[in-house]
There are 2 protein chains.
Amino acid sequence: MHGYDKHAYEPFAVTVDLAVLTLRAGALHVLLVERGQEPYAGRWALPGGFLLPEESAETAARRELAEETGLADVTGLHLEQLRTYSEPGRDPRMRVVSVAFAALLPHPPEPRGGGDASQARWVPYDAAVDLAFDHDRILADARDRVGAKLEYTCLATAFCPPEFTLGELQQVYETVWGTALDRPNFRRKVLATPGFVEAVPGAARLTGGRGKPAALYRAGPATTLHPPLLRTPREGRPA
Amino acid sequence: MHGYDKHAYEPFAVTVDLAVLTLRAGALHVLLVERGQEPYAGRWALPGGFLLPEESAETAARRELAEETGLADVTGLHLEQLRTYSEPGRDPRMRVVSVAFAALLPHPPEPRGGGDASQARWVPYDAAVDLAFDHDRILADARDRVGAKLEYTCLATAFCPPEFTLGELQQVYETVWGTALDRPNFRRKVLATPGFVEAVPGAARLTGGRGKPAALYRAGPATTLHPPLLRTPREGRPA
DNA sequence: CCCCTTAATAGTCACTACGACTATAAAGAG
DNA sequence: CTCTTTATAGTCGTAGTGACTATTAAGGGG
């Protein structure tokens, strides 16, 4: 362990891969880049790249996101380590160990290609298939993780702008989980959880024109939900 | 991204570190090895070591566990990736990225030193301080993760032998969480969760001699708890 | 042998959380 | 003005659970 004598020290390439998720027009989207070179040239992939000698995986993840997509200094970016993929053969060129991240952001700007990516684009989650490397699996793992964390953390606000309506917050849950939620019950639950959201006094937003204006809320100081907001097996009514 | 042109490919050493947890005499213990060489020679550390070229991190974790501690082919070992630690400078010798695992096992055998470890030993969790590298942090993260997963998964049975009493299962929760639970309520909850445990027909075990013999149970097919078994802020009565 | 202790198991009660639902309020469209 | 849409308020019944009390089945000490 941690010694040179017993096992030869073998060098590995270490990369980061990012599953950047957001909500656009009520649908879950993921940020993909088109690969400019072999292997998998022309195929879509998650943004990512090699770790530099003097940076942590978290730092590298932010740098790569900025470089490849032009999403520099995004406000409200939630970055979270997913897991590390280390199966031999996952990169046909060489031995690569990749630290995968899930990133959530609100109000996504339009990305541009850059770095090694010929272009970058938001792609609906369901259309993001047949990706390069094992990125299909990483993306699925990211969605699973995010869906699970919605249950017992306040993560959902990471998909929302600084001020949002409860309807928008509910849309986050409905979109990620793929289920419909009862609006009064959702509202009761969120407001009953101390620190989840805070009312913005006197503010309201017209919801796309029609209907009663909704009150605005900000994310509160809480990070976990006690008790959790469970996604029950059979919930909601048809949308 | 994943190209050679833009960034130089920098080699890293990749290791695995294991936080192997078990219950001994009603207390949480962690498996530690004494380092045989610099850096941190003589200090206690989590078992672990370098990844070999043709193995995944999971494979390496099992191999290192066997090599360094003599715990070869342990039955009922639960191995789970925790996260990857990649801060520069976490190893004074060189740039090392480490994939950390949490491992749970029942009825631990007495380990022996081996490999690069001069000795291996079960250490009570609270006594496992001042470890080498950033292993204090990894160990704390492992305990947090296990404690959280007890709430919404059937992980607790991984600490128990194949057949166990509900009292033993409750001890797992109480020990990891550090709280006392009400026995009748715990029982009601566990038995009401389909697939958590299955009764072993006609079997009972004398519980240390005194008291009514307890019925024996096996782990059931379920993996998640719906609804979860929450550790509430103020729970239980003084032990 | 009886009674005490210990631990497992059974059952009660009240309160909370929540799913399902109805009702009201406030906006725009026609 | 009325219809539609969306937000918000409130009601009702039930499942889950915290806090208990009661009973059962073992060993130990007199």
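Chain naming here is simple, since letters A, B, ... match the order of the sequence lines and numbering starts at 1 in each.
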I'd like to know whether B/Tyr85 forms a side-chain hydrogen bond (donor to acceptor under 3.5 Å, both in side chains) with B/Asp141, so could you lay out the CA-CA distance, the side-chain angles of the two residues, the decisive distance to 0.1 Å, and finally the verdict. CA-CA 11 Å; B/Tyr85 298 81; B/Asp141 288 348; 2.5 Å; yes

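Between A/Arg231 atom CZ and C/dG19 atom C1' there is a gap of 18 Å when expressed in whole angstrom units. One can place CD of A/Gln170 at 8 Å from P of D/dA7, the figure rounded to the nearest angstrom. One interatomic measurement links the two molecules: NZ of B/Lys212 to C1' of D/dT23, which rounds to 8 Å at whole-angstrom precision. Straight-line distance from the CD atom of A/Gln171 to the C1' atom of D/dT6: 12 Å, rounded to whole Å. Between the C1' atom of C/dA7 and the CG atom of B/Leu216 lies a distance of 15 Å, rounded to the nearest Å. Per the geometry, CZ belonging to B/Arg183 stands 19 Å off P belonging to D/dT24, to the nearest Å. Atoms CG (B/Leu225) and C1' (D/dG16) sit 13 Å apart, rounded to a whole Å. Summarising the geometry, the separation between CG on A/Asp182 and P on D/dA9 is reported as 15 Å, rounded to the nearest angstrom.
The side chain of B/Pro184 lies closest to D/dC20 when the candidates are D/dG10, C/dA8, D/dC20. For A/Asn185, the listed nucleotide lying nearest its side chain is C/dC21; candidates were C/dC21, C/dA27, D/dT8.
For A/Arg187, there are no salt bridge (Lys or Arg N to Asp or Glu O under 4.0 Å) partners, not counting sequence neighbours. Listed by chain and residue number, A/Arg83 satisfy the salt bridge (Lys or Arg N to Asp or Glu O under 4.0 Å) test with B/Glu58 (two or more places apart in sequence, or in another chain).
At distances below 3.5 Å, at least one donor-acceptor pair connects side-chain atoms of B/Thr153 with backbone N or O atoms of B/Leu155. Between the side chain of B/His29 and the main chain of B/Ala27, a donor-acceptor pair closer than 3.5 Å is present. Formation of a donor-acceptor pair under 3.5 Å by the A/Asp136 side chain with backbone atoms of A/Leu131 is found in this model.
Contacts between residues 186-198 of chain B and DNA chain D, defined by a heavy-atom separation below 4.0 Å, involve B/Arg188, B/Lys189, listed by number.
For D/dG28, neither phosphate oxygen OP1 nor OP2 lies less than 4.0 angstrom from any side-chain nitrogen or oxygen of B/Arg210.
Below 30°, between 30° and 60°, or above 60°: for A/His135 and A/Phe133 the angle between ring planes is between 30° and 60°, a tilted geometry.
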